[in-house]
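Inspection log for the structure reproduced underneath, given as structure tokens.
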Amino acid sequence: MPHYSRREWRLYKDELLPEGVRRAMEDHLRHCEACLENYLAVFGSQEETAAAGILSPDFSARVTRRVARMGARQKYRTGPGGNWLARAIQYYTIAAAVTLLLLAGGWFDFMVSEAMHSQVRVARIAQTLEEKISFGWSERLFENATDKLTEIIDKEVAN
């Protein structure tokens with residue numbers, strides 16, 4: 001993952017970058033701790049003083065509470081770090097339950113019996129075709145085609 005330098009973050013802060021680059025940097029900032037540190041380092045005491053005049057004294061506390069609530073909601077949605085195993089077990093349990101229901105309902109037996117009947121039907125059709133079509137028909141077809149071509153050539157040569 002490429003990181004942005006402090007110089008690039010200064011350009012970002014001063015709004016000297018194109019909108020597309022700014023969006024990419026913002027997206028990157030959400031996931032990269034190193035770039036977050038570089039971004040915060042760009043702000044000096046002058047910006048802190050200006051912010052203190054604009055922001056209420058409890059601003060930091062409110063933001064911290066809100067971030068904590070958002071983090072809790074996010075953990076609930078995606079689960080804590082090791083919760084992938086619990087979700088995998090949950091999905092496998094559901095799949096096993098569906099499989100058991102299909103087994104109990106006789107669906108697998110039905111599908112297997114249909115497949116067996118299909119194979120038997122195909123074998124019977126093949127056997128019937130072999131009985132009805134005598135061997136050597138392709139050689140006879142070839143001989144007939146050769147005879148016809150010879151007749152056509154002989155007529156053309158005679159004309």
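Sequence positions, counted from 1, serve as the residue numbers for this chain.
Sorted pairs that involve residues 149-159 and meet salt bridge (charged side-chain N to carboxylate O under 4.0 Å, His left out), not counting sequence neighbours, are lacking altogether.
Under a 4.5 Å side-chain heavy-atom cut-off, the cluster of Ile, Leu, Val, Met, Phe, Trp and Tyr residues that includes M25 is completed by Y4, W9, L11, Y12, L16, L17, V21, L29, L36, Y39, L40, V42, F43.
Atoms SG and CZ, on C35 and R30 in that order, are 14.0 Å from each other to the nearest 0.5 Å. A distance of 5.5 Å separates NE2 in H3 from NE2 in H28, rounded to the nearest 0.5 Å. Within the model, atoms CZ of R66 and CZ of R62 stand 8.5 Å from one another, a figure rounded to the nearest 0.5 Å.
In this structure a side-chain-to-backbone donor-acceptor pair under 3.5 Å is present from E8 to S5.
Atom CD of E33 is surrounded by 12 or fewer heavy atoms from other residues, nucleotides or ligands within 6.0 Å.
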